[in-house]
Each structure stands twice: as C-alpha cells, then as structure tokens.
Number of protein chains: 2
Amino acid sequence: MPRWLEAFPTAKIAPAGSTIQRLPASALVWLRLDDVHPALEQLAVLRKAIGTSPVIALSNHPDNEEALSLFSAGVRGYCNAHAAAANLRQVANVVQAGGLWIGEALMQRLLASTQTAMSRIPVSVSAMDEGVSPSAERLSLLTKRELEVARTVAGGSSNKEIARQLGITERTVKAHVGAVFQKLKVRDRLHLALVVNGQRLT
Amino acid sequence: MPRWLEAFPTAKIAPAGSTIQRLPASALVWLRLDDVHPALEQLAVLRKAIGTSPVIALSNHPDNEEALSLFSAGVRGYCNAHAAAANLRQVANVVQAGGLWIGEALMQRLLASTQTAMSRIPVSVSAMDEGVSPSAERLSLLTKRELEVARTVAGGSSNKEIARQLGITERTVKAHVGAVFQKLKVRDRLHLALVVNGQRLT
DNA sequence: ACGGCTATTGGACCAAAGGACAGTTTCGGG
DNA sequence: CCCGAAACTGTCCTTTGGTCCAATAGCCGT
C-alpha cells in the first residue's frame, strides 16, 4: 500500500483501467500523478471512470503551473504526494467538506496575477464605532403594516398578490414597499429579501 | 443572535470595540462586513483585536474584487452573509481544517486571469460547488454559466450589473436567467434567490 | 384643536424584468 | 463530417416594479 494511502485505512484501490459505475456521494478520489504523462491527460482518463467525484491530485514534484491547470479542470485539491499522513488527512477533510485545498504559495501566485489595481492595504483605521447598525435595528423602524408587507415581499409574493392577500390596493402595497425600502436602505425587493431572510424573523 | 451564528451554539460574541487578549488556538472569527466601510479597513480593525486567528468574512453582497482583496489580506474564507446555516457550518469545517473557502465563481476568475495556454481538456466541474443547499439536486441541472448567473442573481444583482460583470450583453443574461427559471421551476428572480439561498417558498 | 404618525389611494412616469419569436457561433462526441 | 448542446445576440412586446407628485382619513398625545 502506497504511503499516501496509509492515512486512510478504509480506502479502496481500483485496479488500473477499471471503470467504476457508481461511487458513493461521499467518495474522495486520489489521483497519483506520474512523471511522464501530462497531468490533464491523466485527469481526463480518471474522469471517464469516476465521473464527477471530487478529485485530489498528488504530485511528486508540485508545480504551480500544473496545479493551476488541474484546478481549472475541476480538481478539488492538489498537494505533494510525499506529504505526511496527517496532512493528507487534513486535505481530505477539507475537500470532503466541500472546500478547495490550495497551497499557500499557489494562493499567493493566483492573487498576485490578478491584482490590477489593488493598493497594499493602506490601513487608515478610522474608528468604526457608530456606523455598524446590523439590520436587526432597522427592522424595528418599520410600522406594523410595513413589517407585514416586508415579510410577504421577502417570501416571494408580488405586489398584486400582497394586495389581494391584505385586502388593499396594489397602489397601497407599493407605498408600503417603498417606505420599507427607504427605511432599510435597500434598492429593490430582492435585496429586501436578503436582509429580511438573513435576519430570521419569527 | 444573528442568523449566521445560530449554526454555532458555542460561539461567543465579543462586545463592539473590545480587545481580546487570548483566543484559543482553535478559534474561528467571523467578520460580518457592513456595506459602508472598505472591507480591508474592517478587517484591519478586527485584526487589531484578535491577532492572527483565522478570519472568515461574510458579505451582504459578495463581490469578486472584495473577496480578492480580503484573501490577499489573509482572510481564510469568504461567503454570502445570508447563506444557510448548513453552508456556514461547512465553511467553518473547511477553514478549521486549515483550508480556504473560495466560491466557485471566484475560483474561475482567479484561474481565468492566470491562464496562458490552457485549452485542452474540458472543464467539467459543476458537480460539487460552493454550497450544500437543500436544492442541490435541482441546481445540478444548470449549466456552468447558468449556475454562475443564478448565483449572482440570488445575490441581488440586476441583469445589467451581471452583464457588465461577466462581459456579456444584458440580453444574454436574460437568456440565462430565463433558462434557469425553467429548469428550477421558479417564476421570478426573487423565488430563485429563495431556492438558491436555501429558503423555503411561501 | 393642532401637529405628527399611520394607513390608505390616485395618477403619471420610467426603468427593469420577463416572454416570444429568431438567429449565429463554437466545440466536443459519434 | 455532421449533430446537438452551450453560449451568445437581436427585436418586439407586455407586465411588474419603483418613484414622483399629490390627497383623505383615523388615531394619539400635548
């Protein structure tokens, strides 16, 4: 058993060239890259066999270029094939939780190449004591009727539906909705929904 | 208690402006970004208080540029402040395991800007994406581009904004949005947001 | 009684959203 | 090489959403 599998006692090894029909949703697939074939090619072959299961690539000689191409091809993790068992377990945890495992160096590389105009953190700390008003406070600014309308809007109802539901005119609904927008400082009903639903109303 | 904390019963909330002396090594710090101050500034203030503990930023309106700058400033995760509790737990798991949490869209962006000559092999991602939303099955019906648009719509962007952001015509955005509506069986963008963000329709 | 807040409605106007047609192009698989 | 899926763009049109100008009526506290 290869070293990089020792960390995972329950892991199964598929015979070379075999096609696996159904993989449990939780399956993690490790791709041990060889040093001869193009990495993307190896991945493509693997994909044919395993479908869309998350793949973690293990390279003998980690390289940013290689990592880059693999990530863009859908790989969820990339690390040194000779990493310690504990590290590999960590990678597995991250990927299994739906995350990406990216080496620190590669991350820096990615960020660096994307910066066009990003100032180097001027950190001019102006006290931000007062300006932070989580929308919890703002919701209490609403009148009873406005709150009622706001919730219904956030639930996905159209103005017309709300009007019918509340027994008032669509015009009036618009008035309430408009008032809510102002008080909560949102520009449209979708943003209202994000705020209201993120606030966990009862 | 804010929604994004409900997922973590043992979480502690520090009083505004307080300086925390010692944080356990396992501590995770959530930074809820407001809509007014520069994200980097908010992070800087937080850093003064908590030192080097891993920080996950929560944004009301996720934006690639913002995410980029935060990651380069050392943030370990970045996601929608209105994400479902389950998603947040997942983010926490990934970061606590030492990983980075990067949205699919941002990942694509990073890769795209770094590509020099990488056109072989199709990008066949789309399966495991940013969230384990309850409607993950339906979301998997979407094409890559549709998913990208759907997420942005659900984040509160207008068609015009999305068009500018993706470098395509507003007309094309409408086409994608329309296709998403059909596939997810929703009637408008607000319902789409509810589905994507993991709420239930009323 | 008066001012202020709430709820209601009207009309007009413009921007955004969404549907209904119809197209071109690119690219991978059979 | 052809087919189909995906991405993309166009025009025309209707419906909805959102903001501006108003106005009327009830309620509450000083």
Side-chain angles (χ1 to χ4, degrees), chain A residues 40-41 43-45 47-48 51-52 72-74 139-196, chain B residues 105 108 112 118-127 139-195:
Chain A
L40 286 179
E41 200 171 288
L43 178 61
V45 171
R47 277 273 177 242
K48 280 209 193 308
T52 59
S72 91
L139 277 182
S140 63
L141 292 178
L142 303 182
T143 69
K144 187 173 299 183
R145 197 60 154 172
E146 285 166 354
L147 190 57
E148 192 177 4
V149 171
R151 284 178 178 152
T152 318
V153 168
S157 300
S158 68
N159 289 341
K160 194 170 296 183
E161 288 171 338
I162 299 173
R164 192 166 35 79
Q165 191 177 322
L166 299 183
I168 56 181
T169 312
E170 181 176 352
R171 180 61 192 81
T172 309
V173 175
K174 281 188 175 182
H176 289 313
V177 171
V180 170
F181 287 170
Q182 279 194 313
K183 290 184 178 177
L184 299 192
K185 301 189 203 304
V186 294
R187 70 179 187 206
D188 56 39
R189 59 209 299 115
L190 185 11
H191 281 210
L192 174 61
L194 293 178
V195 170
V196 170
Chain B
Q108 290 306 321
M118 220 166 51
S119 56
R120 205 60 69 198
I121 315 294
V123 182
S124 66
V125 195
S126 88
L139 252 51
S140 66
L141 292 178
L142 304 182
T143 69
K144 189 170 160 53
R145 197 58 154 172
E146 286 165 354
L147 190 59
E148 191 177 5
V149 170
R151 288 229 167 80
T152 317
V153 167
S157 300
S158 68
N159 289 341
K160 193 170 298 183
E161 288 171 337
I162 299 172
R164 193 165 35 77
Q165 193 177 319
L166 298 185
I168 56 180
T169 313
E170 182 175 351
R171 176 62 188 85
T172 309
V173 175
K174 283 188 177 182
H176 289 312
V177 171
V180 170
F181 287 169
Q182 281 194 315
K183 289 185 178 177
L184 299 191
K185 300 188 206 302
V186 294
R187 70 180 186 204
D188 57 39
R189 59 208 298 114
L190 186 10
H191 280 206
L192 173 61
L194 294 180
V195 169

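These values consider heavy atoms only, across backbone and side chains, with no hydrogens, waters or symmetry-generated copies. Throughout, protein chains are lettered first and strands after them, A, B, ... in sequence-line order, and every chain is numbered starting at 1.
- The CG atom of Leu190(B) sits 18 Å away from the P atom of dA16(C) (whole-angstrom rounding).
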Could you walk me through whether Arg164(A) and Glu161(A) pass salt bridge (charged side-chain N to carboxylate O under 4.0 Å, His left out), step by step? CA-CA 5 Å; Arg164(A) 192 166 35 79; Glu161(A) 288 171 338; 5.1 Å; no
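- Side-chain contact between Val186(A) and Leu194(A) is absent, with no heavy atoms from C-beta onward closer than 4.5 Å.
- What separates NZ of Lys160(B) from P of dA15(C) is a distance of 9 Å, to the nearest Å.
- Here the straight-line distance linking atom OG of Ser158(B) with atom CZ of Arg189(B) works out to 7.0 Å at 0.5 Å rounding.
- Distance from the side chain of Asp188(A) is smallest for dG18(D) among the nucleotides dG18(D), dA17(C), dA7(D).
- Between Arg189(B) and dG18(C), a side-chain N or O to OP1/OP2 separation shorter than 4.0 Å is present.
- The side chain of Asn159(B) contributes an N or O atom lying less than 4.0 Å from OP1 or OP2 of dA17(C).
- Neither OP1 nor OP2 of dA7(C) sits under 4.0 Å from any side-chain N or O of Thr172(A).
- Atom OG1 of Thr169(B) and atom CG of Asn159(B) lie 12.0 Å apart (nearest 0.5 Å).
- Residue Thr169(B) has its side chain nearest to dT9(D) when only dA7(C), dT9(D), dG17(D) are considered.
- Put simply, CD1 on Ile168(A) is 20 Å from P on dT24(D), counting in whole angstrom units.
- Arg171(A) comes within 4.0 angstrom of a base, heavy atoms only.
- Of the listed nucleotides (dC8(D), dG18(C), dA17(C)), dG18(C) has the atom at the smallest distance from the side chain of Val177(B).
- Nucleotide dT11(D) holds its P atom 13 Å from the CD atom of Glu170(B), rounded to whole Å.
- If you take NZ of Lys174(A) and C1' of dT8(C), they are 15 Å apart, rounded to a whole angstrom.
- Residue whose closest nucleotide on DNA chain D sits further toward the 5' end, between His176(B) and Ser158(A): His176(B).
- One finds a side-chain N or O of Thr143(A) lying less than 4.0 angstrom from the OP1 or OP2 phosphate oxygen of dA7(C).
- Between dA7(D), dG18(D), dT9(C), one nucleotide has an atom nearer to the side chain of Ala175(A) than all others, and that is dT9(C).
- Distance from the side chain of Phe181(A) is smallest to dT19(D) among dT8(C), dG18(C), dT19(D).
- In this entry the distance linking CG of Leu166(A) with C1' of dA7(C) reads 12 Å, nearest Å.
- Computed from coordinates, the Ile162(A) CD1 to dG17(D) P distance equals 8 Å when rounded to whole Å.
- Protein atom CD of Glu148(B) is 9 Å distant from nucleotide atom P of dA7(D), rounded to whole Å.
- To the nearest 0.5 Å, the span separating CZ on Arg151(B) from CG on Leu192(B) amounts to 10.5 Å.
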